[in-house]
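Below is one structure, written out as structure tokens; the observations come after it.
In this text, all values refer to a predicted model and were calculated from it rather than measured experimentally.
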Amino acid sequence: MRQPIAVLTGDVIASRRIADTQALYRELDAILGRLAEHYGGRFERYRGDGFQLALPVAGAALDAAVALRAALIMHSDERRWDARVAMAVGSDDWQAERTLASADGPVFVASGRALDALAEGAAHLALTRPGMPGDAALTLLVRYVDELVDGWSRYSAEIVCLSLWHDDSQQAMAERLGIRQPSVHKRLRTARWALLDDTLDFFRHRLATEGPAP
């Protein structure tokens, strides 16, 4: 039975230059596992720094990509950790109990090809929707989010991670982080969280309303 899915295929940027690759891979597995559990999907990692995540929730594509990149940036060592992530959204008969190695539907293929294209340029995020017409507005917003994430410090990534996973007040965030509430407010503003939150909400509703091609 076909269902709407999101497939994220990616790799860590310049992983060979990272000193503690084992710490990197532990964090990569942790965030991928958390996303797979949260959305009822599945992930696999390959060639060390490569990964694929399939989610039976098409509208969660950008949320998952941002959460993944934020977690990596947040846990960076002396060299920044980040990833290229190619998102593909569409319909497939894949089910979460099946491995990803055997998945070869159009959404999986499109995600892999989009990652290949990312490797040839400066962008770190891409969205493709096989079987659907191009959407200049979505493409532009993906570019915006990509550049926003590129500009984050570890502190910005950390506050975004907290905002994505916890519905906390600024005071509760301050207590989690051991800082004052005005510092939380400043970090949220620096990360442009309010605008990012609205953008993610727009994506969720836009993809859910349009639906993938049958």
Side-chain angles (χ1 to χ4, degrees), residues 1-16 18 21-75 81-121 123-132 138-139 142 145-146 149-150 157 161 164-165 200 203-204 207 212-213:
M1 179 178 176
R2 296 175 70 84
Q3 64 174 342
I5 66 169
V7 177
L8 282 65
T9 307
D11 58 18
V12 177
I13 298 167
S15 62
R16 294 182 180 180
I18 294 172
T21 55
Q22 292 308 308
L24 167 67
Y25 296 156
R26 283 195 299 271
E27 181 54 38
L28 183 57
D29 285 340
I31 183 58
L32 288 168
R34 186 174 188 179
L35 288 166
E37 181 179 5
H38 182 73
Y39 291 110
R42 188 182 184 103
F43 84 92
E44 290 183 10
R45 187 156 58 81
Y46 52 92
R47 296 197 309 273
D49 65 354
F51 58 86
Q52 191 164 68
L53 173 68
L55 307 173
V57 186
L62 191 58
D63 291 81
V66 170
L68 192 156
R69 291 185 63 189
L72 289 178
I73 296 168
M74 168 185 168
H75 289 93
W81 298 359
D82 203 349
R84 283 178 287 261
V85 184
M87 306 168 285
V89 174
S91 289
D92 197 276
D93 60 5
W94 174 82
Q95 300 294 322
E97 63 271 12
R98 291 169 51 190
T99 65
L100 300 183
S102 61
D104 59 357
V107 187
F108 290 89
V109 173
S111 183
R113 288 177 176 171
L115 179 63
D116 291 340
L118 276 179
E120 298 173 359
H124 298 152
L125 276 181
L127 172 69
T128 182
R129 300 183 300 160
M132 294 288 288
L138 291 184
T139 299
V142 168
V145 172
D146 192 8
V149 176
D150 282 349
C161 277
L164 287 169
W165 291 109
L200 294 174
F203 260 82
R204 285 184 225 113
L207 294 177

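The neighbour count for Asp29 CG, taken as heavy atoms of other residues, nucleotides or ligands under 6.0 Å away, is above 12. For Arg113, the CZ atom counts as loosely surrounded, since its 6.0 Å shell holds 12 or fewer non-hydrogen atoms of other residues, nucleotides or ligands.
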Determine all donor-acceptor pairs shorter than 3.5 Å in which one atom belongs to a side chain in residues 33-40; sequence neighbours excluded.
none

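Side-chain contact between Val149 and Ile73: present, with at least one pair of heavy atoms (C-beta onward) separated by less than 4.5 Å. Contact of the Leu125 side chain with the Arg69 side chain is registered, since non-hydrogen atoms from C-beta on lie closer than 4.5 Å. The shortest side-chain heavy-atom distance between Phe108 and Ile5 falls under the 4.5 Å cut-off. Side-chain contact between Val145 and Phe203 is absent, with no heavy-atom pair separated by less than 4.5 Å. Between Leu24 and Leu72, the closest side-chain pair of non-hydrogen atoms falls below 4.5 Å. Between Asp92 and Pro106 the shortest side-chain heavy-atom distance falls below 4.5 Å. Proximity of Tyr25 to Val12: side-chain heavy atoms (C-beta onward) are nowhere separated by under 4.5 Å. Between Val85 and Phe51, some side-chain heavy-atom pair lies under the 4.5 Å cut-off.
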Stepwise, does the side-chain contact (heavy atoms from CB on, under 4.5 Å) test hold for Asp11 with Arg47?
-> CA-CA 9 Å; Asp11 58 18; Arg47 296 197 309 273; 5.6 Å; no
Assess whether side-chain contact (heavy atoms from CB on, under 4.5 Å) is satisfied between Leu138 and Arg129, documenting all intermediate values.
-> CA-CA 11 Å; Leu138 291 184; Arg129 300 183 300 160; 3.9 Å; yes
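Here CG of Asp116 is found 10.5 Å from CZ of Arg84. Values are rounded to the nearest 0.5 Å. Here the CG atom belonging to Asp82 is positioned 6.5 Å from the NE2 atom belonging to His124, to the nearest 0.5 angstrom. A distance of 13.5 Å separates CG of Leu53 from CZ of Arg45, quoted to the nearest 0.5 Å. Between the CD1 atom of Ile13 and the CG atom of Asp150 there is a distance of 7.0 Å, given to the nearest 0.5 Å. Between atom CG of residue Leu100 and atom CD of residue Gln52 there is a gap of 5.5 Å, rounded to the nearest 0.5 Å.
Every residue two or more places apart in sequence or in another chain that forms a salt bridge (charged side-chain N to carboxylate O under 4.0 Å, His left out) with Asp93 is listed here: Arg98.
Ser111 places a side-chain N or O within 3.5 Å of a backbone atom of Ala86 that can act as its donor or acceptor partner.
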